[in-house]
**Student:** 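I have a structure here, written as structure tokens, and I will follow up with some questions on it.
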Protein chains: 2
Amino acid sequence: MNEMKPLTRIQRKNREAILGAALEVFSQYGFRGSTLDQIAQAAGLSKPNLLYYFPSKDAIHAQLLESLLKTWLDPLYKMDPDGEPLDEIMGYVQRKLEMSRDYPRESRLFANEILQGAPRIHDALTGELKTLVDEKAAVIADWSKAGKIAPVDPYHLIFSIWALTQHYADFDVQVRAVLDADDPFPAAGTYIDTLFTRLLSV
Amino acid sequence: MNEMKPLTRIQRKNREAILGAALEVFSQYGFRGSTLDQIAQAAGLSKPNLLYYFPSKDAIHAQLLESLLKTWLDPLYKMDPDGEPLDEIMGYVQRKLEMSRDYPRESRLFANEILQGAPRIHDALTGELKTLVDEKAAVIADWSKAGKIAPVDPYHLIFSIWALTQHYADFDVQVRAVLDADDPFPAAGTYIDTLFTRLLSV
DNA sequence: GCTATGTTTTACCAAATGGTCAGAAATACG
DNA sequence: CGTATTTCTGACCATTTGGTAAAACATAGC
């Protein structure tokens with residue numbers, strides 16, 4: 001069962017084009033605000049042809065979310081309980097900011113899903129995500145108690161890292177409207193680094 | 001011209017019901033993802049009756065955004081250049097957090113609009129918003145230079161205040177999934193206060 | 001070349017969507 | 001009360017939407 005033929009060259013190319021187009025559209029308009037026609041056009045395919053590769057609109061969206069979740073938690077997984085506390089946290093901050101810079105559409109896809117009440121990933125939030133955060137929060141709490149970093153609420157520390165880094169991807173339009181910079185990320189990186197260094201230094 | 005009759009009691013009641021329902025729906029699904037039927041049902045009215053009070057879906061949305069922008073910038077306007085620097089900034093932080101706690105739907109409506117590229121409020125962003133931020137950033141820069149607060153990039157300071165406070169409204173579902181708390185705001189307030197105090201103290 | 005398989009298009013469908021309109025029902029007011 | 005105005009409904013419409021079916025077209029392998 002679940003026997004699968006290898007994908008042809010055309011299948012690989014078109015599946016990728018569809019997922020790329022869908023990411024572009026879904027990340028901007030959310031699931032309900034996006035249409036198959038939009039996605040098909042962005043992918044350079046006809047709508048029926050698009051539905052030859054994916055069985056439904058839901059299936060495309062689900063596929064995107066699944067791939068997203070895998071990479072989304074990775075930076076936090078990499079935080080090493082046995083490393084140097086401040087370095088580990090600052091390394092996490094930097095990896096998170098890099099993700100916002102390099103994958104802004106993924107960030108917005110996630111933001112859209114959460115804004116809509118996370119109907120499709122709520123289980124992942126209370127399951128995999130919560131488990132991971134609980135684990136890493138415990139590590140951070142230990143670091144705090146041991147005096148390696150300043151005493152902070154570890155959960156809200158993690159939330160603040162998410163908020164700050166993702167803000168530059170999700171609210172990109174606003175940031176660019178206020179600044180005139182083409183690329184706000186260099187200055188953002190410096191600022192965020194200072195902020196957490198000052199917060200956590202003992 | 002533009003002569004307007006006073007609103008009847010029924011008009012006031014129904015207009016308010018519609019705007020409340022529309023805020024609920026638009027803030028969750030965004031403009032394109034929301035339907036008039038949804039809004040009408042949430043308001044307890046029929047769709048044609050809804051369109052008796054507002055000429056179109058766009059008009060309802062536009063009305064919401066207009067009201068929103070007025071109150072949205074208010075906390076920053078109130079930051080007094082002649083006040084005590086640290087108090088003024090921390091007061092702004094607190095007002096902003098109160099807005100997220102008391103008006104989470106407004107926060108999500110705004111987030112949705114920005115995520116979609118701010119098609120309807122882009123002018124307000126580069127106009128009114130930018131002007132205000134430029135002005136207050138200059139004030140903060142002066143405070144920095146005068147040694148009243150630690151040296152920081154004033155623009156990114158403002159962005160970080162937005163990011164942190166709005167995060168608790170916009171990503172409410174995620175925050176609640178990770179914590180088990182009914183109301184994450186008390187702890188968030190304490191944390192955010194500590195964070196900015198440590199960042200800005202000289 | 002021929003056939004089997006993979007890919008794409010054309011034509012179509014039922015449901016949902018934003019919106020209109022004529023008239024019915026309710027309300028205000030003299 | 002009666003009439004003028006406001007409020008509401010049901011029936012309707014054109015367009016868009018997610019999705020299907022069948023046949024045309026392309027390609028791979030022999």
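Chain naming here is simple, since letters A, B, ... match the order of the sequence lines and numbering starts at 1 in each.
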**Student:** Rounding to an integer number of Å, can you tell me how far B:Lys57 NZ sits from C:dT20 P?
**Tutor:** 14 Å
**Student:** Quick check on DNA chain C: between B:Lys47 and A:Leu50, whose nearest nucleotide comes earlier from the 5' end?
**Tutor:** A:Leu50
**Student:** Counting just side-chain N and O atoms, does A:Gln11 come under 4.0 Å of either OP1 or OP2 of C:dT7?
**Tutor:** yes
**Student:** Is the distance from OP1 or OP2 of C:dT9 to the nearest side-chain N or O of A:Ser46 less than 4.0 Å?
**Tutor:** yes
**Student:** Please check the phosphate of C:dG6 (OP1 and OP2 only) for any side-chain N or O of A:Asn14 closer than 4.0 Å.
**Tutor:** no
**Student:** When you get a sec, tell me which of D:dC8, C:dT8, D:dT9 is the closest nucleotide to the side chain of B:Ile10?
**Tutor:** D:dC8
**Student:** CG of B:Asn49 versus P of C:dA24: gap in Å, rounded?
**Tutor:** 17 Å
**Student:** Can you confirm whether or not the ring centre of A:Phe54 sits under 6.0 Å from the ring centre of A:His61?
**Tutor:** no
**Student:** How many whole angstroms separate atom NZ of A:Lys13 from atom C1' of D:dA26?
**Tutor:** 13 Å
**Student:** Between C:dT20, D:dT17, C:dG18, which nucleotide gets closest to the side-chain atoms of A:Thr35?
**Tutor:** D:dT17
**Student:** Starting from P on C:dT9, measure out to CG on A:Leu51 and report it in whole angstrom.
**Tutor:** 13 Å
**Student:** In whole angstrom, give the distance that lies between atom CG of A:Leu36 and atom C1' of C:dA15.
**Tutor:** 14 Å
**Student:** Taking 4.0 Å as the cut-off, does a side-chain nitrogen or oxygen of B:Tyr52 come that near to OP1 or OP2 on D:dC8?
**Tutor:** no
**Student:** Does A:Lys78 make a cation-pi contact with A:Tyr92 (under 6.0 Å, within 45 degrees of the axis)?
**Tutor:** no
**Student:** Charged N to carboxylate O under 4.0 angstrom, A:Asp74 versus A:Lys70?
**Tutor:** no
**Student:** Does the pair A:Arg120 and A:Asp58 meet the rule for a salt bridge (charged side-chain N to carboxylate O under 4.0 Å, His left out), with working shown?
**Tutor:** CA-CA 10 Å; A:Arg120 295 152 211 278; A:Asp58 279 87; 2.9 Å; yes
**Student:** If you measure from CG on B:Leu23 to CG on B:Leu19, what distance do you get to the nearest 0.5 Å?
**Tutor:** 8.5 Å
**Student:** It should be established whether B:Arg9 places a side-chain nitrogen or oxygen under 4.0 Å from OP1 or OP2 of nucleotide D:dT6.
**Tutor:** no
**Student:** When you match A:Pro48 and B:Pro48 each to their closest nucleotide on DNA chain D, which lands nearer the 5' end?
**Tutor:** B:Pro48
**Student:** Could you check whether A:Phe54 gets within reach of a base, just the sugar-phosphate, or nothing at all, counting any heavy atom under 4.0 Å?
**Tutor:** nothing
**Student:** Give the rounded distance in Å between these two atoms: CD of B:Gln38 and C1' of C:dA15.
**Tutor:** 16 Å
**Student:** What is the separation between atom CZ on A:Phe31 and atom C1' on D:dG18, rounded to the nearest whole Å?
**Tutor:** 10 Å
**Student:** Send over the distance from A:Arg12 CZ to C:dG6 P, rounded to a whole Å.
**Tutor:** 15 Å
